[in-house]
Amino acid sequence: MTKKENSTTLSKVNKARLRWACRRGMLELDVLFTPFVDEAYDSLSNQDQFTFERLLTCQDPELFAWFMGHETCKDEELNAMVQHILKRVKV
């Protein structure tokens, strides 16, 4: 297997892992995260990809409150990612 083929395989595995992590207990979050991974994740910088993956480790009630505007995430990087995803949805 060439280096490029290995990289492609790792990328596919990572995307599958992310899609699985996007399956939440709330449909409202599923419809935000899954299309984002499929359509926008690859175009993010490495730092933003890491931030998105960190966002997926948060609890559903927190995520719901942030995305519905009930609360603001105190972590600046995570809040910026929330805003980025919301802007993308509203376009």
Side-chain angles (χ1 to χ4, degrees):
M1 183 179 287
T2 68
K3 195 172 191 177
K4 184 175 180 177
E5 289 171 331
N6 191 33
S7 177
T8 301
T9 301
L10 287 174
S11 178
K12 287 179 184 178
V13 168
N14 189 44
K15 287 287 278 273
R17 182 184 59 78
L18 286 173
R19 279 191 201 94
W20 182 257
C22 288
R23 296 181 60 189
R24 312 303 292 204
M26 296 181 176
L27 179 61
E28 297 87 349
L29 297 175
D30 290 353
V31 299
L32 288 170
F33 291 149
T34 302
F36 185 80
V37 167
D38 290 339
E39 300 164 9
Y41 179 82
D42 291 337
S43 65
L44 296 174
S45 69
N46 287 339
Q47 179 61 39
D48 285 343
Q49 287 180 352
F50 176 76
T51 300
F52 178 74
E53 291 177 32
R54 206 162 52 90
L55 183 69
L56 292 178
T57 67
C58 297
Q59 298 296 312
D60 286 357
E62 288 178 311
L63 292 167
F64 183 80
W66 298 338
F67 279 98
M68 297 303 127
H70 302 297
E71 294 178 17
T72 302
C73 178
K74 305 284 188 261
D75 183 303
E76 290 182 21
E77 286 181 341
L78 293 180
N79 188 53
M81 183 57 61
V82 168
Q83 299 311 312
H84 179 72
I85 293 169
L86 286 173
K87 284 179 190 170
R88 200 174 167 284
V89 170
K90 292 178 183 176
V91 171

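Just so it is clear, the structure is predicted and the values come from calculations on it, not from any experiment. Note: hydrogens, waters and symmetry copies are ignored here, and every other heavy atom, side chains too, is used.
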Checklist entry - What about F52 and H84, are their ring centers closer than 6.0 Å? => result no

Checklist entry - What's the spacing between I85 CD1 and L29 CG if we round to 0.5 Å? => result 10.0 Å

Checklist entry - Would you say Q49 and L18 make side-chain contact, with heavy atoms under 4.5 Å? => result no

Checklist entry - Can you tell me how far the CD atom of Q83 sits from the CG atom of L78, to the nearest 0.5 Å? => result 11.5 Å

Checklist entry - If we only count heavy atoms from C-beta on, is the R17 to N14 side-chain gap below 4.5 Å? => result yes

Checklist entry - Can you name the side chain to side chain contact (heavy atoms under 4.5 Å, CB included) partners of T72, sequence neighbours left out? => result N79

Checklist entry - Are L44 and V89 joined in one hydrophobic group, where the rule is that I, L, V, M, F, W and Y side chains link up if heavy atoms are under 4.5 Å apart? => result yes

Next on the checklist: Could you check whether any side-chain heavy atom of M81 comes within less than 4.5 Å of a side-chain heavy atom of F36, counting everything from C-beta outward?
Outcome noted: yes

Checklist outcome for this item: Contacts of E62 meeting side chain to side chain contact (heavy atoms under 4.5 Å, CB included) (sequence neighbours excluded), chain-then-number -> C58, Q59, W66

Checklist entry - Side chains of R54 and E77: does their closest heavy-atom pair fall under 4.5 Å? => result yes

Checklist entry - What salt bridge (charged side-chain N to carboxylate O under 4.0 Å, His left out) pairs are there with at least one residue in residues 22-35, not counting sequence neighbours? => result R24-D60

Checklist entry - Cluster question for you: counting only ILVMFWY and a side-chain heavy-atom cut-off of under 4.5 Å, with indirect links fine, are M26 and V37 together? => result yes

Checklist entry - Does one hydrophobic cluster hold both V31 and F64, with members joined at side-chain heavy-atom distances below 4.5 Å? => result no

Item to check | Connected via hydrophobic side-chain network under 4.5 Å: M68 and V82 | outcome: yes

Item to check | Side chains of L32 and L63 in contact at under 4.5 Å (non-hydrogen atoms) | outcome: no

